[in-house]
Every structure is written in structure tokens, then in C-alpha cells.
Chemist: 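Dropping a structure here in C-alpha cells format, bear with me for questions.
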Amino acid sequence: TYLINQQALVQPMVAAVQDSLILQTIDSLSAIQNRYYTTSHGVNASNTIAAQWAALAAGRSDVSVSQFSHPSWPQKSVILTIQGTTKPKQHVILGGHLDSILSGGTTETSRAPGADDDASGIASLTEALRVLLASGHRPQRTIQFMAYAAEEVGLRGSSAIAADYLAKGRKVTGVLQLDMTNYKGGTRDIYLYTDYTSAAQNDFVARLAATYLPDLTVSTDRCGYACSDHASWFNRGYPASFPFESDFNHHSPFIHTTNDTLANSGNQAAHAAKFARLAVAFAVELAN
Ligand SMILES: N[C@H](Cc1ccc(I)cc1)C(=O)NO
Ligand SMILES: [Zn+2]
Ligand SMILES: [Zn+2]
């Protein structure tokens with residue numbers, strides 16, 4: 001029973017989302033030479049996100065930022081935790097991946113901007129996080145924002161983290177994945193993917209969109225394979241949802257190339273902002 005009853009909290013947060021700040025984050029992340037999981041730039045990208053999230057967390061004793069080390073490669077995942085007040089052992093998780101890749105192979109000097117895949121998702125998450133922290137709201141359940149390493153090489157960062165949660169018996173109320181939120185190739189606004197996701201939670205997400213983003217159109221589609229980090233959680237029995245930029249046939253054609261740039265995403269972040277608004281609604285409603 002997914003209740004939607006936090007309108008007084010969520011409406012102002014949704015209104016506070018700024019497209020310009022999302023654009024700024026996409027621009028700075030895609031300016032890094034590449035974010036490949038084994039390069040010095042890929043390590044730098046993780047540290048940059050950790051620093052940016054730590055700056056947002058400043059002054060909050062209930063908020064912390066950590067990096068999750070992966071022994072078999074150098075790029076760390078980033079986890080920001082907002083401690084829950086009454087149900088701290090229950091986790092609401094929102095994620096995206098911080099790595100990038102070139103389909104022909106990626107080296108230390110490769111240019112892999114990954115503006116849509118997945119700087120856009122990280123930027124949408126960062127803006128959702130910003131407005132959530134700016135509100136001063138303290139959620140009942142613990143909310144975690146995660147920037148996963150090494151998604152492009154087999155969902156490896158999220159898989160390691162999800163396996164760790166399972167091994168530790170941690171309770172996960174739900175997971176939202178944002179991977180590619182800014183290239184508007186389809187006719188609708190938000191596409192909820194139905195494979196490797198939870199039907200019940202997807203219905204909740206659709207109702208969140210209807211409640212908080214009434215002007216937007218929502219549709220569904222399928223990937224046909226484990227196409228992003230939501231599958232790491234779903235495959236271990238955790239409820240996951242994956243709102244995506246377009247229908248399968250119209251996603252950004254630039255991904256995994258040197259042309260996955262902000263310019264090729266229309267030099268805008270209005271599309272990514274829709275996902276930031278949905279993310280903040282998901283976090284606050286599910287964590288209370
Ligand atoms: N495989 C995904 C890209 C991808 C994700 C969803 C859909 I629909 C189509 C394509 C990837 O590269 N994620 O990083
Ligand atoms: Zn991706
Ligand atoms: Zn990708």
C-alpha cells in the first residue's frame with residue numbers, strides 16, 4: 001500500500017527544482033575527459049561527485065557521504081545517507097551511475113563525455129538531493145543517494161552494493177534508478193520500464209507523476225535485458241523502478257560515443273528536470 005500523503009512537503013520541493021543547476025552538473029561532469037571505471041579520470045569523477053554531495057550535506061549532522069571501495073577496480077561508488085528519524089533501518093535508495101564508456105574500447109586518454117549516459121541521471125539526482133536538503137526535512141526512513149561505479153561493464157558497482165545489503169540483511173523499502181534522463185527522443189515525457197522492475201512500485205511511481213507532475217505524459221516500455229542498475233536490486237528481490245527518457249527505439253543514439261554531449265541533448269536540462277522532480281517525490285513519499 002503505497003500512500004501519497006506528503007503534498008505539503010513535496011509540492012514546494014518539486015517547485016524548487018532548477019533546470020539551470022542540472023545543466024551545470026551535466027556540463028561539469030561531461031567536461032571530464034572520461035569517467036571510465038579504470039582510468040584516473042574515472043577515479044576523479046567519483047571524488048568530484050563525493051565532494052559536490054558533501055558540500056550539499058554541510059551542516060547536517062544526520063547526513064553523511066561515503067565512498068564504497070571496489071577491490072577489483074579503482075573507481076569508487078558514492079553513497080550519501082540521510083539518517084531516518086523513526087525507521088532508520090529501512091532504506092529508500094535512489095541511484096544512477098557515474099561511469100562512462102566508448103563502445104569501441106576506452107583508454108586513459110579516451111574522450112567519453114557521457115552527458116546523457118549517465119551525467120544526466122547523476123545531475124537529476126543531485127538536484128533532487130539539493131532541494132531535499134534545502135527544505136530541512138528529516139525523513140522517517142533512511143534515504144540514500146548512490147552514484148554507482150562500473151555500470152557500463154556489467155552493472156558491477158550496483159551489484160556489489162546490492163549483494164552487500166543482502167548479505168547484511170538490510171531492509172530496502174524501494175529503489176529508483178535514473179540512467180539517461182535528458183535526451184528527449186520520444187513523444188511522451190517519462191517512460192516506466194516494466195522488465196527487471198516491481199509492478200506495484202511502478203504503479204506508485206505512475207501515481208506520483210500524476211499527483212506531482214500532472215502536465216507530463218507517462219508511458220511504459222521494456223528493455224528486454226538488464227539494461228541498468230535497477231536490475232542489480234531487482235535480481236536480489238528488492239523493489240526497483242526505472243523511469244527513462246524515451247521508448248526503447250528512440251533513446252539517445254549518441255551514447256557510448258564521443259558525441260554523447262550536452263549539445264547533442266539539445267543544450268537543455270528541462271527533460272532531466274522532470275526526473276529530478278519525480279525523484280524528490282519518490283524519496284519523500286516512500287521515506288515517510
Ligand atoms: N544499456 C544501457 C543503455 C540503455 C538503457 C535503457 C534503454 I530502453 C536503452 C539503452 C546503458 O548503456 N546503460 O549505461
Ligand atoms: Zn547508463
Ligand atoms: Zn551506457
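Counting starts at 1 for both ligands and their atoms, in listed order. Keep in mind that what you see is a predicted model, and the values were worked out from it rather than measured. What you see below is based on every heavy atom in this structure, not just the backbone, and it leaves out hydrogens, waters and symmetry mates.
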Chemist: Can you check which of D195, D221, D179 brings a heavy atom nearest to atom 13 (N) of ligand 1?
Modeler: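 Minimum heavy-atom distance to atom 13 (N) of ligand 1 goes to D179.
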
Chemist: Taking a cutoff of less than 4.0 Å between a non-hydrogen atom of the residue and any ligand atom, is D117 in contact with ligand 1?
Modeler: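 D117: in contact with ligand 1 (<4.0 Å).
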
Chemist: Just to confirm my output: which protein heavy-atom neighbour is closest to atom 7 (C) of ligand 1, and how far is it?
Modeler: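 Nearest protein contact, heavy atoms only, for atom 7 (C) of ligand 1 is F244 CZ, 3.6 Å.
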
Chemist: Under 2.8 Å from the Zn ion (ligand 2) - does any N, O or S atom of E152 fall there?
Modeler: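 Of the N, O and S atoms in E152, none lies under 2.8 Å from the Zn ion (ligand 2), which means no.
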
Chemist: Checking N202 against S241: is there a side-chain donor and acceptor pair closer than 3.5 Å?
Modeler: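 Short answer, yes.
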
Chemist: So which of Y225, Y193, F242 gets nearest to atom 8 (I) of ligand 1, if we judge by its closest heavy atom?
Modeler: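 Shortest heavy-atom distance from atom 8 (I) of ligand 1: Y193.
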
Chemist: Would you check if the Zn ion (ligand 3) lies under 2.8 Å from any N, O or S atom of H97?
Modeler: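 No N, O or S atom of H97 is closer than 2.8 Å to the Zn ion (ligand 3), so no.
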
Chemist: Decide, counting backbone as well as side-chain atoms, whether E151 has an N, O or S atom less than 2.8 Å from the Zn ion (ligand 3).
Modeler: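 E151 does not place any N, O or S atom closer than 2.8 Å to the Zn ion (ligand 3).
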
Chemist: For the Zn ion (ligand 3), find the closest N/O/S atom belonging to D117 and write down its atom name.
Modeler: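 Restricting D117 to its N, O and S atoms, the minimum distance to the Zn ion (ligand 3) goes to OD2.
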
Chemist: Does any donor atom in the side chain of N47 or Q67 lie under 3.5 Å from an acceptor atom in the other side chain?
Modeler: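 A pair is found: one side chain offers a donor N or O, the other an acceptor, under 3.5 Å apart.
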
Chemist: For the 3.5 Å polar cut-off, considering only N or O atoms, please tell me whether S228 and ligand 1 meet it.
Modeler: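 No: no nitrogen or oxygen of S228 is under 3.5 Å from one in ligand 1.
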
Chemist: Using non-hydrogen atoms of the residue, decide whether R222 is closer than 4.0 angstrom to ligand 1.
Modeler: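 In this structure, R222 fails to qualify as a contact of ligand 1 - no heavy atom is under 4.0 Å.
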
Chemist: When you check the side-chain N and O atoms of H251 and D117, is any donor under 3.5 Å from an acceptor?
Modeler: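 H251 vs D117: no donor-acceptor pair found between side chains.
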
Chemist: Q75 and Y148: side-chain donor and acceptor closer than 3.5 Å?
Modeler: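 On atom types as modelled, these side chains do not qualify, holding no pair under 3.5 Å.
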
Chemist: Do the side-chain N and O atoms of S100 and N34 include a donor-acceptor pair separated by under 3.5 angstrom?
Modeler: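 The criterion, which ignores hydrogens and geometry beyond distance, is not satisfied for N34 and S100.
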
